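Reading through the structure tokens given below for one structure.
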Amino acid sequence: MSTRGRGVPQQVMTNSFVVSKLPTRTRYYQYEAISGSGKDMKNPRRRTEVFERLQNHTDPKLFTPRCIFDGAVIMYCPRELPLSGGDSQTFEVNMSNKPRTDGSAPTRGILQVYLKKVAADPIDFSGLQAFIDGKQTKQTPQVLTAINVLQLIIRQAPNLKYPNNTRAFFTKDAGIQTLGGGLELWRGYFHKPVSQLLYVNTHVNLRFKQDSFQTAALAVLKQRDVRALELRPDSPQFRQLKNFFKGVSVTLVHRPGLKKIRGLVANAGNFEFENTTVKDYFKKAWSRPLNYPNIIGIQVGSKDRDEVIPAEMCAIAPDQRYTRKLPPEFSPMMVKFSSQKPHERLALISAGISNAITTDQRSALDYQNSPFLQDAGITVSPDPILVTGRVLPTPNIHYGNAAASRPVQPRNGSWNVINQIFHEPKGLSSWGILNYSRVNDQTINRFVNTLLNACKKLGTINVAPPAASQSCAGASSVVNDMRSLKNAVSSRIGKDPEMVLAILPTSSTDIYHAIKSFGDVIAGFPTQCVRENKIERANDQYCANLGMKINAKLGGVNSLPRSGALEKLMSAPFIIMGADVGHPAPGMINQPSVASLVYSFDRYAARYESMMSVQHPRQEKIDELRKLVYRAIFEFGERNRAAPVRIIFFRDGLSEGEYALTGQEEIEDITGAIDDIWRDKGIKGAKPELTFIVVGKRHHVRFFPRNMNDGDKSGNCPAGFVADQGVGNPAVRDFYLQSHGGLLGTSRPSHYITLRDDVYKHNTDDLQELAFTLCHSYARATRSVSIPAPIVCARGAFHFNPAMGFDAATISSHDDAFDLERWRKNFKDKHANLAKKMHFM
């Protein structure tokens with residue numbers, strides 16, 4: 001394999017495996033599959049069970065060889081089915097194994113399934129094989145369909161055997177961790193074919209723990225005594241449980257059945273219906289007297305026909321994913337469980353393919369024994385492929401006078417700021433402290449002295465002690481606290497604060513949001529928040545890192561990463577842009593997405609301006625990108641008295657399926673903005689060249705050093721490892737760059753996909769080096785980060801009117817209509833005083 005390009009060649013293992021044989025002789029026919037009982041077919045896993053029953057029990061002879069079901073409405077069959085109606089047939093599928101003793105036909109558990117042949121050409125794999133062999137260069141619809149069917153064939157067997165979310169499956173044998181609060185983590189496997197490679201990775205899934213409802217409810221409340229469930233409907237604990245369990249399925253203790261929770265009922269045993277109570281009904285009808293009639297129960301059924309079941313008569317059903325935002329207190333356990341050292345991850349992946357790690361002594365993935373792969377004639381190599389990449393040259397980090405000072409050379413993706421001087425320090429003569437914690441004045445004074453000394457060592461000469469300091473109560477008083485402090489500083493110093501430092505309790509999201517909102521939008525000064533547990537043991541290193549954040553927020557420049565690729569760009573005016581879209585938390589369905597864009601406005605690409613726009617929920621395309629880019633180019637021109645000659649645009653967040661449509665639409669928006677401003681300003685010179693790169697993080701490609709000596713101290717590939725051959729998508733120009741040093745677990749490289757390249761003309765050497773350089777320009781860190789710093793965009797949550805409840809930790813109702821204009825009216829841009837300051841650091 002070629003090793004051309006800059007850097008030192010290094011061969012690594014990957015988590016990809018060769019699909020060594022495709023079903024070139026097999027054609028798949030498509031059948032639309034419809035159930036006559038809609039309520040039984042809403043859940044993909046339930047639909048899959050129905051069609052598995054259809055093939056194995058209803059008519060196994062007809063469905064040999066086995067067909068593939070997509071979990072929705074399409075069944076793919078490796079032969080044309082001889083259906084009774086020619087191209088259609090209705091089947092009665094008995095979901096019960098119990099025979100009828102009286103010989104009569106069963107009525108309950110019978111589902112009708114209607115199959116109809118789709119009027120489409122059979123799917124074959126000849127186009128995919130031609131694409132793999134290089135005889136065809138484009139991923140045509142035929143190729144994409146073949147890859148989709150290949151994916152279904154590969155996933156079908158484990159998805160029938162294990163709990164899954166269609167993309168990945170989970171098994172206790174791969175690892176399980178109880179979190180508490182009614183939740184647990186399961187480890188499993190993600191596997192996806194791309195062209196002729198199959199990517200396999202370990203994956204973690206958050207699930208409701210299978211337990212009695214009573215035990216689960218106590219776990220959520222962090223209580224042990226069942227009397228804690230004797231709750232009033234207006235109590236916070238009742239609302240907490242109601243939100244947590246809404247939509248969760250339960251099994252019943254007193255009879256078979258599966259019910260979905262619609263709500264909770266207080267004092268459930270004494271709930272009256274049809275001239276009786278729930279406790280009397282269970283005692284008489286089911287001979288089950290209730291032990292705790294005064295605690296909550298669940299409400300199931302429809303709005304027209306309520307059914308109340310006592311908590312002690314139901315249990316959390318198995319195999320249920322928790323899809324909402326993870327409670328913050330469980331984040332450390334989630335990170336620890338998800339993080340596996342590189343050699344451990346690769347060993348588990350290899351075991352899943354070829355070794356016995358499950359209780360039935362078969363591999364979890366079990367490709368060799370899958371009847372679906374056997375019928376298709378597909379084989380998967382059990383050996384991970386090797387690729388040869390390169391470790392790029394590390395950029396130099398310049399402090400102080402870049403021309404005169406000796407540069408710092410990062411090692412393993414990090415460097416130390418101690419004994420260095422900021423490239424452009426900013427003074428701090430007017431500031432104050434708000435203390436929302438229980439930290440005493442003596443500890444605060446010690447911390448302030450350490451911080452001031454650290455800032456002075458970093459070159460901030462004009463730094464003064466705080467002009468005012470006051471103790472505060474909580475989030476409800478933040479606005480008054482900020483105004484009071486502002487007035488106190490102004491009266492003492494004669495000018496408004498240049499910054500406010502707030503000391504927060506360990507758990508204080510509401511206070512943090514209120515402070516950032518006031519500083520960013522209303523007052524127009526940077527804010528720096530610190531946790532009480534941090535300042536109690538603050539040392540020189542911690543305060544130096546804090547000083548870096550403060551200097552950047554005040555408009556200073558900490559350091560300058562320099563490389564050959566960046567020097568070439570600096571020969572003419574250029575802009576680096578980064579854009580992303582932040583979406584509402586899981587469970588939020590009537591809150592907007594916020595698009596963010598930052599752009600560089602200095603010649604070193606070290607200082608960035610930010611802007612944002614509000615758009616419909618979970619929409620990835622940036623609606624107002626044309627307007628944002630126009631504004632960025634205009635402001636760049638105003639500040640630099642020159643139009644940009646080149647624009648490098650890094651776009652975060654686009655998935656593989658969005659390259660062609662969303663990516664191209666945004667490129668058109670950018671070029672449209674360029675056309676607009678050139679026309680409006682009457683600019684005669686050439687329009688800027690544009691390079692548009694998508695930076696992807698949501699992928700499953702991993703790299704593993706062949707031996708420990710080739711990795712860093714964490715066991716990962718060294719910072720700067722890049723691979724542009726052997727693992728990429730043959731349909732696009734792409735590369736993988738692992739720009740950061742390993743800390744915990746297996747490092748994830750970032751995936752760079754070039755959709756347009758006027759600047760480099762697909763000379764990937766310079767582009768790779770530039771991307772790696774920009775990963776060293778994150779102003780608040782002395783480590784290279786995993787993506788170019790411009791993509792670490794501005795924050796949007798603090799710009800909404802707090803009354804809107806943006807990102808509040810509650811589940812939105814599907815009945816609430818989304819009103820985009822209302823959200824936009826309640827969104828304010830950052831204060832004008834924050835221009836040229838990276839307040840979002």
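Bear in mind the structure is a predicted one, so any value in this text is a computation, not a measurement. Along the sequence shown, residues are numbered consecutively beginning with 1.
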Report task. Answer yes or no: is there a side-chain heavy-atom contact under 4.5 Å between Ile515 and Cys529? Result -> yes
**Report entry** Check: Ser559 side chain, His398 main-chain N or O, donor-acceptor pair, under 3.5 Å
**Finding:** no
Report task. Taking the side chain as every heavy atom from C-beta outward, state whether Leu458 and Ile421 have any atom pair closer than 4.5 Å. Result -> no
Query raised in the report: Hey, is the main chain of Lys837 close enough, under 3.5 Å, to the side chain of Lys553 for a donor-acceptor pair?
Result: no
Requested in this report: Verify the distance criterion only: is there a donor paired with an acceptor across the side chains of Glu532 and Tyr436 at less than 3.5 Å?
Outcome: no
Query raised in the report: Do we see a donor-acceptor contact under 3.5 Å between the side chains of Glu658 and Ser655?
Result: yes
**Report entry** Greater than 12 external heavy atoms within 6.0 Å of Asp680's CG
**Finding:** yes
**Report entry** Shortest non-hydrogen contact between Phe244 and Gly181, atoms and distance
**Finding:** CZ-O, 3.3 Å
Query raised in the report: Is it true that a side-chain atom of Thr460 and a backbone atom of Val463 form a donor plus acceptor pair closer than 3.5 Å?
Result: no
Query raised in the report: In terms of heavy-atom contacts, does CZ of Arg446 have more than 12 from other residues, nucleotides or ligands at under 6.0 Å?
Result: yes
Query - Over 12 foreign heavy atoms within 6.0 Å of CZ, Arg824 - result: yes
Query - Lys825/Glu821 under salt bridge (charged side-chain N to carboxylate O under 4.0 Å, His left out): CA gap, chis, key distance, verdict - result: CA-CA 6 Å; Lys825 287 176 182 177; Glu821 288 309 310; 6.0 Å; no
**Report entry** Nearest heavy-atom neighbours spanning Ser437 and Ile503
**Finding:** OG-CG2, 3.4 Å
Query raised in the report: Does the side chain of Lys697 pick up a donor-acceptor pair with the side chain of Ser786 at under 3.5 Å?
Result: no
Query raised in the report: So Phe649 and Phe692, would you call those rings parallel, tilted or perpendicular, with 30° and 60° as cut-offs?
Result: parallel
Query raised in the report: Going by an N to O cut-off under 4.0 Å, is there a salt bridge joining Glu424 and Lys426?
Result: yes
Query raised in the report: So, for Gln615 and Phe818, which heavy atoms are closest and what is the spacing to 0.1 Å?
Result: O-CZ, 4.2 Å
Query raised in the report: Looking only at heavy atoms, what is the nearest atom pair of Asn551 and Val557, with distance?
Result: ND2-N, 3.6 Å
Query raised in the report: If we only count heavy atoms from C-beta on, is the Pro788 to Tyr752 side-chain gap below 4.5 Å?
Result: yes
Query raised in the report: Do you see a donor-acceptor pair shorter than 3.5 Å between the side chains of Ser508 and Arg531?
Result: yes
Query - Residues Phe601, Phe636; criterion ring pair (Phe, Tyr, Trp, His ring centres under 6.0 Å); working and verdict - result: CA-CA 6 Å; Phe601 59 85; Phe636 178 90; 8.5 Å; no
**Report entry** Asp580 and Ser596 side chains, donor-acceptor separation under 3.5 Å
**Finding:** no
Query raised in the report: If you draw a 6.0 Å radius around CZ in Arg679, do more than 12 non-hydrogen atoms from other residues or ligands fall strictly inside?
Result: yes
Report task. For the residue pair Ser784 and His740, confirm or rule out a side-chain donor-acceptor distance under 3.5 Å. Result -> no
Requested in this report: Taking the side chain as every heavy atom from C-beta outward, state whether Met548 and Arg780 have any atom pair closer than 4.5 Å.
Outcome: no
Query raised in the report: Shortest non-hydrogen contact from Gly519 to Leu834?
Result: O-CD1, 4.0 Å
Query raised in the report: Taking Ser477 for the side chain and Gly474 for the main chain, is one N or O donor matched with an acceptor at less than 3.5 Å?
Result: yes
Query raised in the report: So with a 6.0 Å cut-off around NZ of Lys627, is the heavy-atom count from everything else above 12?
Result: no
Query raised in the report: Where do Asp602 and Tyr608 land on the side-chain hydrogen bond (donor to acceptor under 3.5 Å, both in side chains) test, with the steps shown first?
Result: CA-CA 8 Å; Asp602 69 327; Tyr608 291 85; over 6 Å; no
Query raised in the report: Is the shortest distance from a Lys or Arg side-chain nitrogen in Lys222 or Glu329 to a carboxylate oxygen in the other one below 4.0 Å?
Result: yes
Query - Asp496 side chain reached by Lys486 side chain, heavy atoms, under 4.5 Å - result: yes
Query raised in the report: For the residue pair Glu620 and Leu654, what are the closest heavy atoms and their distance?
Result: CG-CD2, 3.6 Å
Query raised in the report: Of Asp676, Asp675, Asp669, which is the lone residue that meets salt bridge (Lys or Arg N to Asp or Glu O under 4.0 Å) with Arg626?
Result: Asp676
Query raised in the report: Would a 4.5 Å heavy-atom cut-off, applied to side chains only, mark Val598 and Met577 as touching?
Result: no
Requested in this report: Measure the shortest side-chain to side-chain distance between Leu183 and Leu206 over non-hydrogen atoms and say whether it is less than 4.5 angstrom.
Outcome: yes
Query - Close aromatic pair by centroid cut-off 6.0 Å: Tyr512 and Phe798 - result: yes
Query - Distance-only side-chain donor-acceptor flag, Thr443 / Asn440, under 3.5 Å - result: yes
Query - SB check Glu609 Lys836 (cutoff 4.0 Å) - result: no
Requested in this report: Output yes when a side-chain donor or acceptor of Ser517 lies under 3.5 Å from a complementary backbone atom of His513, and no otherwise.
Outcome: no
Query raised in the report: Should Leu434 and Gln470 count as side-chain neighbours, where that means a heavy-atom distance under 4.5 Å?
Result: yes
Requested in this report: Determine whether the aromatic ring centres of His423 and Tyr399 lie less than 6.0 Å apart.
Outcome: no
Query raised in the report: Salt bridge between Lys242 and Asp234, side-chain N to carboxylate O under 4.0 Å?
Result: no
Query raised in the report: Is it the case that Arg646 places NZ or CZ above or below the six-membered ring of Phe574, under 6.0 angstrom from the centre and within 45 degrees of the axis?
Result: no
